[in-house]
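Every chain is numbered from 1 and lettered A, B, ... according to where its sequence line falls, protein lines coming before strand lines.
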Amino acid sequence: MREITLSQAVNEALAEEMRRDPTTFIMGEDVAEAGTPFKVLSGLVEEFGTDRVIDTPIAEPGFMGMAVGAAMTGARPIVDLMFGDFIFLIMDQLCNQAAKTHYMSGGKLNVPLVLRTNLGATRRSAAQHSQSLQALVAHIPGLKVAMPSSAYEAKGLMKTAIRDNNPVVIFEDKLMYQDKAPVPEEEYLIPFGVANVKREGSDITLIATSSMVQVAEKAAEMLAAEGISAEVIDPRTIVPLDEEALLKSVRKTSRAIVIDEGHQSYGVTAEIASRLNEKAFYHLDAPVLRMGAMDVPVPFSPALEDITVPTPEGVAENARKLCAGEMIHAA
Amino acid sequence: MREITLSQAVNEALAEEMRRDPTTFIMGEDVAEAGTPFKVLSGLVEEFGTDRVIDTPIAEPGFMGMAVGAAMTGARPIVDLMFGDFIFLIMDQLCNQAAKTHYMSGGKLNVPLVLRTNLGATRRSAAQHSQSLQALVAHIPGLKVAMPSSAYEAKGLMKTAIRDNNPVVIFEDKLMYQDKAPVPEEEYLIPFGVANVKREGSDITLIATSSMVQVAEKAAEMLAAEGISAEVIDPRTIVPLDEEALLKSVRKTSRAIVIDEGHQSYGVTAEIASRLNEKAFYHLDAPVLRMGAMDVPVPFSPALEDITVPTPEGVAENARKLCAGEMIHAA
Amino acid sequence: MSPAKKAKTNTEDYLRMYRQMVRIRSFEDNANQLYLSAKMPGLTHMYSGEEAVAVGICEALTDSDRITSTHRGHGHCVAKGAEFKEMFCELLGKEEGYCRGKGGSMHIADQSHGNLGANAIVGGSMGIATGSALRAKLQGSDDVTVCFFGDGATAQGLLYEVMNMAALWNLPVIYACENNGYSEYTKTEEIAAGSITARAEAFGIEAHQVDGQDVLAVNDLTQKLVARARKGEGPFFIELMTYRYHGHHVGDINREYYRSKAEEKDWKENRDPITRFRHFLVQEGIASEDEIEAINAEVEKDAADAVEYALAAKYPDVSEVDMHVFAD
Amino acid sequence: MSPAKKAKTNTEDYLRMYRQMVRIRSFEDNANQLYLSAKMPGLTHMYSGEEAVAVGICEALTDSDRITSTHRGHGHCVAKGAEFKEMFCELLGKEEGYCRGKGGSMHIADQSHGNLGANAIVGGSMGIATGSALRAKLQGSDDVTVCFFGDGATAQGLLYEVMNMAALWNLPVIYACENNGYSEYTKTEEIAAGSITARAEAFGIEAHQVDGQDVLAVNDLTQKLVARARKGEGPFFIELMTYRYHGHHVGDINREYYRSKAEEKDWKENRDPITRFRHFLVQEGIASEDEIEAINAEVEKDAADAVEYALAAKYPDVSEVDMHVFAD
Ligand SMILES: Cc1ncc(C[n+]2csc(CCOP(=O)(O)OP(=O)(O)O)c2C)c(N)n1
Ligand SMILES: Cc1ncc(C[n+]2csc(CCOP(=O)(O)OP(=O)(O)O)c2C)c(N)n1
Ligand SMILES: [Mg+2]
Ligand SMILES: [Mg+2]
């Protein structure tokens, strides 16, 4: 199969859906001629024109609000938010308006929009350009949250997101834009709420999102060399969450580590670990471990930044201990 | 001991600290003559004048940002955010600026400010005036988060918050403003990170925050009548979290339910339950259960709203099942 | 002080405008009564006194034109064509309400007449209205969107963000600022520096100030601006000078600490939009006193019937609680 | 095109201004070189071309006056009195940096000289600056705060929220809009409707437009406004017309798709703030060509030494990673 970059995959998904549905359009900062600073949208304005690839002023709350209004009245806006960290600026429009409109209107108004943004540290971009804020939006009923872990997922989830009748937030890993993966030429969609078993295993389950899937896969390789068989699962969407697939794996392996690049405390790993503990408790041979980013603002200095996020070595180390029956934190 | 309302307790804490420290001031909408819509600040403008009890325009991001700047340069602002739901509007100033400034400046700049706001549904205020958003701020490193459960805590935690050199968010339960509790005449402070055992017990631990402490206490009464001895613990601050006190109780009782009024998914209960599972796993006789608000926008209709939040009956029912060894969710 | 003379002359239109203003007043009187008699859950914000604003504007719109509304939204909802029955049901949290009881007073919406909904976030709908206008432009549709908001809401930065984009892209949106002199318990001059219309003009937006108690003046201006907006000459900004008769919300009873009874009396007795228009209609021979009284009585009965219906209507089934979180 | 004649006449002040502009240029040239030679982590935004803005303004301030800065913040930092060594250390993430390497280019702050910090959120410091001014007023302190931001940042609603409060309360804050014609890859006229100064004026704020390539004009105006702000006559707004020589950030090399080389050449050759001021100094007999060259050489050496020092300096110990999350 041909291999394309995550950036190309997103670009293809957008182009295909924009060809398919004339009510779709993109808005955001420097999305047109510049094709965004990450160049993910290059070429789209040439095909679709400035009416459908709209450069906005630097007014995130404003254009997010406008996307809500356009969505409520018959369009399908795709909002480009340059850095995931700027989500703090648009929380009101996203969480008080977009997320609640369908419910508050008793099902009469729909808000079919996609918010494309990103996550990921270790790019030397410091505390306001490196956050992974998926936990915040996952907490708000009415929002769906997708976290593609490769070009393949990026394309399939984006297409599903654009056709969904609800507000969907997609976090792309900004460090993976140039990573290649096999992506079919034929059209495909990836349904929401269906986890993907990236690697089968029997001793321990590694549940990882987005950027952390690679980390988990590398850890699994390391573990395999030592005779530990790790299963790697990517939930692909955290809302809806494919609880059954995760439970099934954990019931089989009896051990799990949940890995996500957001801050650990009050983060995504807590929800997933809690559900496993609640619903697979009697199958567990060890506590479900969580590995998120450290609870510190992301430091600029390379000497510090790299130690704030989970690494393959760290995951393997924890997996080894869990499998050896060491009660890592237990009293 | 004299009994005063939660509203009076907050008012006293503010007045005492404002007398003590001339760099403190309050800003927010209708805080002066009106004393806020909840009348919590009544009388303060008469004592401290409009220079220290400042009515702002309806510009939450603006005055939150101003509080950050005032705090960075030598004042101690107390920001009044009329409804906790409006926190979405100020997330950038709170989470990108206030929370990170100390760290990003390598410890050179401080942001000693208090954000007073509220939480709580069942007031028929619908989806944009009823949210309990503590999980969002608890996820952001650099913010402390206090959740008073009675007039006593409201006063003691507020005084500590005002003296703290960091940004502190306090969520008051807006349904409890008129609830009375014994509050000493003498000055006292409640340290952050110290949980309070509200009721001792041996069969099960009920960990509850803010509005849910009353719910847990009522459940404990009901259970006592049936011979089940429930311990009720109020963490009082969720950042920092008194993990040790919670673990100690759970190691004793071997069973726990965590109750919080925020939405359950990706919420506060997940973090607390995860820590118990990780660190007291081998002491648990049953999975730690979580009870948060339903994952739905808060509906207006009384017929629907009341069933979205945990109730004493619901807590007692779950506790009973846990104690009876019923594997509530387990497969 | 008399209504602008050169507005519409069509008798039917005039009488409909009159009736719509009376309907709003009547709706609010009933809602207030429901609150005072503890039959309504929660609080609500009365539009009484501001009727000429909503009616003058909405009568210049068609059902395909959209509006966004505010926490003080009953007037906009009625003026845009909503029915009493579904409105009262919504205020009481009943299943037959416009939002199946899930929205309530602060989120009442009426999709069928282009009302995109009230909003409990002050300023929260400015983006929505502007986005609706963007959609109209992108899809080559000639509808216009009116964004209602209060003087207090002009303090929200969102307004300036969306006005900038509306101006840059010539969007068919009209920003209608209902300046009733107060935001909650604070006078406008204490929270608004400079000039409200100048703020719009600084973005290159044509701005007008109009007497919001004069339904014909409001309607006349709006008709012109709507016609121009349809042709791509938007956006526009209107500041409507008006007054709310009740407190900020139904529970705001003792309010002398922020505004005097004399001031309230003056507005009610000398500038009431309904009384003024009624005088005009009679004076110009468009309607007799009897015809006017007949309209009033009819509306009152409609309202009373709707209240009765809504009180007896049933609540949504508890199974609805987790319906409509997501659309299919 | 010659610098305003009636500004300061003090030779020492003039030479210091010249030196400060050269220091900024030299800092940026070295930073760019560090990037190009892959010795600097991440990206950074060059201030070259805009030196007269930061220097003209900051020379009108004392150490107790505060500034807030932007993502393009090196110029403000140098102009407000910072040292090269600590600055380069910060850009390289070293322990001796102003922020112990935790902030980097986009968060560089220098508390000792009143620089409250760069900010990676466009517009993010507008509230901070205005709050600093509020603190000054409340505490009866006569310091003034200058809020730097770009033309692109005028699209953020926050500006209008805080200008409203600054105007209502007469706060000692000066909003300094550095209009360099672009926000990232977009021309200002495509993202800013109407007039930028009119937006401030609409809030009742006195606004000025000034040639940002003329350090004396900038300094003269700022001195007057700062003096008035100290007396409680603030706030003020200045739009400074300027230009950035480099791309949006150091990595923005091929930029002909959004601006022409001819345009860049014209600004560099005909409007360079350093060249212009140098001509003026020589022409007026304030400094000889030799003295100027000596300053240039001295600054260049300082910068080279600081770079060398910073490259050799040590990173913070890993134990620092969770220090400074909370203050004691
Ligand atoms: C973002 C936000 N801040 C504050 C409030 C509380 N609040 C509700 S109405 C109101 C006053 C609004 O004043 P104005 O815009 O003039 O409208 P009016 O009530 O006068 O019609 C305030 C402060 C809110 N609902 N939303
Ligand atoms: C809130 C926010 N939105 C977008 C960005 C990305 N960004 C960084 S600089 C910039 C352009 C800023 O333009 P301007 O304010 O004119 O400053 P200049 O770069 O020209 O100095 C943008 C869009 C950001 N950092 N923060
Ligand atoms: Mg008002
Ligand atoms: Mg610029």
Side-chain angles (χ1 to χ4, degrees), chain A residues 28-39 41-42 45-46 50 54-65 82-83 85-90 92-93 121-131 263-265 293-309, chain D residues 40-44 71 89-95 97 99-108 118-124 150-158 183-188 190-193 248-249 251-252 255 257-258 314-326:
Chain A
E29 293 153 16
D30 281 316
V31 292
E33 285 75 15
T36 79
F38 296 103
K39 306 294 168 201
L41 306 191
S42 295
V45 73
E46 284 74 13
T50 50
I54 305 174
D55 271 347
T56 63
I58 309 172
E60 288 84 1
F63 65 75
M64 182 66 210
M82 200 182 292
F83 282 86
D85 312 67
F86 308 161
I87 222 165
F88 287 131
L89 286 156
I90 59 161
D92 178 60
Q93 292 300 316
T122 69
R123 226 176 131 259
R124 319 304 175 218
S125 304
Q128 294 172 345
H129 277 61
S130 306
Q131 294 168 87
H263 299 298
Q264 178 163 317
S265 287
M294 289 180 73
D295 292 325
V296 306
V298 179
F300 167 71
S301 184
L304 304 179
E305 188 180 23
D306 290 343
I307 61 176
T308 63
V309 293
Chain D
M40 195 185 61
L43 290 173
T44 183
H71 59 286
C89 279
E90 191 57 39
L91 260 65
L92 298 178
K94 302 300 178 74
E95 185 190 297
C99 309
R100 303 190 69 78
K102 282 182 166 160
S105 164
M106 285 209 291
H107 303 289
I108 197 160
N119 208 307
I121 300 298
V122 167
D151 49 288
T154 63
Q156 291 283 19
L158 186 62
S183 55
E184 284 195 348
Y185 321 111
T186 304
K187 287 196 200 305
T188 308
E190 288 169 31
I191 52 88
H248 169 60
H249 55 60
D252 173 26
R255 48 185 181 268
Y257 72 93
Y258 71 87
K314 71 177 201 317
Y315 284 115
D317 188 80
V318 292
S319 66
E320 290 218 18
V321 70
D322 58 2
M323 275 168 60
H324 309 131
V325 178
F326 291 110

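Salt-bridge formation is detected for the pair A/D306/A/R124: a Lys NZ or Arg NE/NH1/NH2 atom is positioned less than 4.0 Å from an Asp or Glu carboxylate oxygen.
Per-residue counts of heavy-atom pairs under 4.5 Å with chain D were compared for A/P61, A/P37, A/P297, A/S125; the largest is that of A/P37. Residue with the most contacts toward chain D among A/A126, A/A32, A/A34: A/A34 (heavy-atom pairs, distance under 4.5 Å). Counting heavy-atom pairs under 4.5 Å between each of D/T186, D/I121, D/V325, D/V122 and chain A puts D/I121 at the top. Each of D/L158, D/N119, D/T154, D/D317 has some count of heavy-atom pairs under 4.5 Å with chain A, and the biggest count is that of D/N119. Note: A/I58 leads A/I58, A/V296, A/T56 in heavy-atom pairs under 4.5 Å with chain D.
Below 30°, between 30° and 60°, or above 60°: for D/Y185 and D/H248 the angle between ring planes is above 60°, a perpendicular geometry.
Within the 4.5 angstrom heavy-atom criterion, only side-chain atoms of A/I307, from C-beta onward, approach chain D. No part of A/E305 comes within reach of chain D, as not one of its non-hydrogen atoms sits under 4.5 angstrom from that chain.
D/I108 CD1 to D/L91 CG: the interatomic distance, rounded to the nearest 0.5 Å, is 6.0 Å.
Ring centroid separation for the pair A/F88 and A/F83 does not come in under the 6.0 Å cut-off.
With no hydrogens or angles considered, a side-chain donor-acceptor pair links D/Y258 and D/D252 at under 3.5 Å. Side chains of A/D85 and A/Q131: a donor-acceptor N/O pair is present below 3.5 angstrom, by distance only.
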